[in-house]
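Structure first, then comments.
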There are 2 protein chains.
Amino acid sequence: MVSERRSSPHSDPAGHPPLIETLDRAGLRITGPRRAVADLIDARSGLFSAQDLLDDAGRKRVPIGRATVFRALDLLEELGVVERIELPDGGHAYVACEPAHHHHAVCDGCGRVREVDDHALTDAIAEIERHTGWTVSGHRLELYGRCPECRTTAPAEASRS
Amino acid sequence: MVSERRSSPHSDPAGHPPLIETLDRAGLRITGPRRAVADLIDARSGLFSAQDLLDDAGRKRVPIGRATVFRALDLLEELGVVERIELPDGGHAYVACEPAHHHHAVCDGCGRVREVDDHALTDAIAEIERHTGWTVSGHRLELYGRCPECRTTAPAEASRS
DNA sequence: GAGGATATGAGACATGGTCTCGGAAAGACG
DNA sequence: CGTCTTTCCGAGACCATGTCTCATATCCTC
Ligand SMILES: [Zn+2]
Ligand SMILES: [Zn+2]
Ligand SMILES: [Zn+2]
Ligand SMILES: [Zn+2]
């Protein structure tokens with residue numbers, strides 16, 4: 001479990017279209033399980049783990065195989081609408097997001113995730129290439145901290161360094 | 001296994017002092033196993049996994065417990081001289097490095113790792129904080145690409161995207 | 001509908017890491 | 001040195017997160 005989301009009015013925070021649509025537009029088969037996984041993800045906000053989805057599914061009495069969930073996540077990840085991110089503690093979690101290249105800021109208070117664009121980093125990387133003679137073909141950046149809501153409220157509530 | 005290192009003359013690439021010294025200076029107990037792990041790491045260059053160390057140890061007939069290797073890695077990581085980094089494919093690997101904050105460029109040809117400093121990124125993050133209202137307390141950046149040596153040689157050899 | 005391509009689910013397997021616990025050994029001190 | 005206390009170690013169970021296999025079920029096209 002990644003972090004129990006308090007049910008908030010953020011069910012569709014960034015106004016993503018339903019994920020299932022992405023599968024459809026990509027010409028992939030729309031199957032029951034895929035729709036189910038897509039819906040489960042749509043119903044969440046912020047971080048989630050594959051296990052979270054499995055748990056959700058169990059709670060809603062929608063039986064889905066473990067492998068299927070991972071396969072669906074792989075698909076969605078390839079399509080760029082779900083990303084697997086690295087947590088500060090070394091664990092992984094997934095998050096729904098836009099296909100365009102970007103990065104994520106993760107709130108360690110509430111698990112909210114905010115997409116962050118790339119601008120400044122692109123320059124920084126060009127600079128690094130010039131400096132080092134390396135060719136940088138990809139990168140991964142994750143930011144950790146507190147969202148505006150959590151910054152003003154109690155700084156308490158879990159979080160490892 | 002993270003990537004079989006071709007034995008190269010880079011045994012001590014950045015001129016790190018022996019890792020065992022770090023443990024010593026930190027006032028930690030110098031035990032046989034810790035020394036062994038430190039030496040095994042010193043003898044490597046580039047990326048390695050805990051399993052790599054275990055294999056090395058086996059080959060050299062230096063029996064070390066699995067848990068002990070992980071414990072030593074944890075220690076060294078806390079001291080900042082070893083870091084666990086995320087690979088493009090989602091796997092993990094360790095690498096010896098300087099304690100100062102920095103990031104890593106990983107060559108997908110040969111597994112070499114180069115430390116990269118933080119300058120431009122710091123500005124970028126300040127900018128993001130101003131923009132989003134978030135407080136960013138930590139971050140993680142990994143660069144993937146090709147080192148100068150590998151760029152000139154065959155672009156072959158594994159690597160996904 | 002019927003049929004062939006494709007996806008699913010159960011569960012074995014793999015990997016990477018943690019935990020527990022009795023026994024071993026470092027280091028302090030005399 | 002020898003002893004004592006504290007810490008560490010190793011074996012192996014355990015766990016979480018994924019992946020694979022293969023027989024079965026489902027889509028989707030015709
Ligand atoms: Zn928050
Ligand atoms: Zn980027
Ligand atoms: Zn290289
Ligand atoms: Zn940095």
Side-chain angles (χ1 to χ4, degrees), chain A residues 1-4 19-20 23-40 47-58 61-79 82-95 160, chain B residues 1-4 20 23-40 47-58 60-79 82-95 160:
Chain A
M1 199 256 331
V2 150
S3 82
E4 207 47 68
L19 283 180
I20 191 68
L23 290 174
D24 197 10
R25 254 182 280 119
L28 293 166
R29 277 201 183 168
I30 305 305
T31 68
R34 280 177 185 173
R35 183 185 302 279
V37 171
D39 290 350
L40 289 175
L47 296 173
F48 60 90
S49 67
Q51 191 56 51
D52 288 337
L53 297 183
L54 253 353
D55 293 346
D56 290 357
R61 298 296 149 85
V62 185
I64 314 183
R66 236 163 75 82
T68 302
V69 169
F70 281 104
R71 285 189 283 237
L73 285 171
D74 286 349
L75 268 185
L76 293 168
E77 197 174 3
E78 254 159 53
L79 295 175
V82 159
E83 203 167 306
R84 196 172 83 154
I85 68 185
E86 167 106 0
L87 302 177
D89 69 8
H92 290 145
Y94 300 85
V95 63
R160 20 232 166 309
Chain B
M1 197 252 337
V2 150
S3 81
E4 207 46 67
I20 191 68
L23 291 174
D24 197 8
R25 252 180 285 119
L28 293 166
R29 275 199 187 170
I30 307 304
T31 68
R34 281 177 183 173
R35 181 185 303 277
V37 171
D39 289 351
L40 289 174
L47 296 173
F48 61 90
S49 66
Q51 192 55 52
D52 288 337
L53 297 183
L54 253 354
D55 293 347
D56 290 358
K60 298 192 177 178
R61 301 293 150 85
V62 185
I64 314 182
R66 229 164 78 83
T68 303
V69 170
F70 282 104
R71 286 188 281 234
L73 285 170
D74 286 350
L75 266 186
L76 293 168
E77 198 174 3
E78 253 159 54
L79 295 175
V82 158
E83 203 167 305
R84 198 173 82 156
I85 68 184
E86 167 107 0
L87 302 177
D89 69 8
H92 290 145
Y94 299 85
V95 63
R160 16 230 161 314

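All heavy atoms count here, side chains included; hydrogens, waters and symmetry mates do not. Letters A, B, ... mirror the listed sequences (proteins, then strands); counts begin at 1.
Atom CZ of B/R35 and atom CD1 of B/I64 lie 12.5 Å apart (nearest 0.5 Å).
C/dT15 atom C1' lies 13 Å from atom CG of B/D52, rounded to whole Å. In this entry the distance linking CG of A/L87 with C1' of C/dG17 reads 16 Å, nearest Å. The interatomic distance linking A/D89 (CG) with C/dG16 (C1') rounds to 14 Å, in whole Å. Atom pair B/I30:CD1 and D/dT7:C1' shows a separation of 13 Å (rounding to whole Å applied). In this structure, A/L73 atom CG and D/dT19 atom C1' are separated by 14 Å, rounded to whole Å. Rounded to whole Å, atom P of D/dC9 lies 10 Å from atom CD1 of B/I64. Note: CG (A/D74) to P (C/dT8) measures 12 Å, nearest angstrom. Between the CZ atom of A/R35 and the P atom of D/dT26 there is a distance of 15 Å, given to the nearest Å.
The phosphate of D/dC8 has neither OP1 nor OP2 within less than 4.0 Å of any side-chain N or O from B/T31. Listed pair B/H92 / C/dG17 meets the phosphate criterion, a side-chain N or O lying under 4.0 Å from OP1 or OP2. Regarding contacts with the backbone of C/dG17, a side-chain N or O of B/Y94 is found under 4.0 angstrom from either OP1 or OP2. Here B/R66 does not reach the OP1 or OP2 of C/dG16: none of its side-chain N or O atoms lies under 4.0 Å away. Taking only side-chain nitrogens and oxygens, A/R84 comes nearer than 4.0 Å to OP1 or OP2 of D/dG18.
Within 6.0 Å of CZ in A/R84 there are more than 12 heavy atoms belonging to other residues, nucleotides or ligands.
Judged by distance alone with a 3.5 Å cut-off, a donor-acceptor contact links the side chain of A/R29 to the base of D/dC27.
Taking the six-membered ring where tryptophan is involved, the planes of A/H92 and B/H92 are tilted, since the angle between them lies from 30° to 60°.
Distance from the side chain of B/T68 is smallest for D/dC9 among the nucleotides D/dC9, C/dG27, D/dG12.
In terms of position on DNA chain C, the residue among B/L28 and B/F70 whose nearest nucleotide sits closer to the 5' end is B/F70.
Residue A/R71 is in base contact, counting any heavy-atom pair closer than 4.0 Å across all strands shown.
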> So B/D56 and B/V62, side chain to side chain contact (heavy atoms under 4.5 Å, CB included) or not? Walk me through it.
Replying inline: CA-CA 8 Å; B/D56 290 358; B/V62 185; over 6 Å; no
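Listed here is the closest heavy atom pair of B/L53 and B/L40: O-CD1, 3.7 Å.
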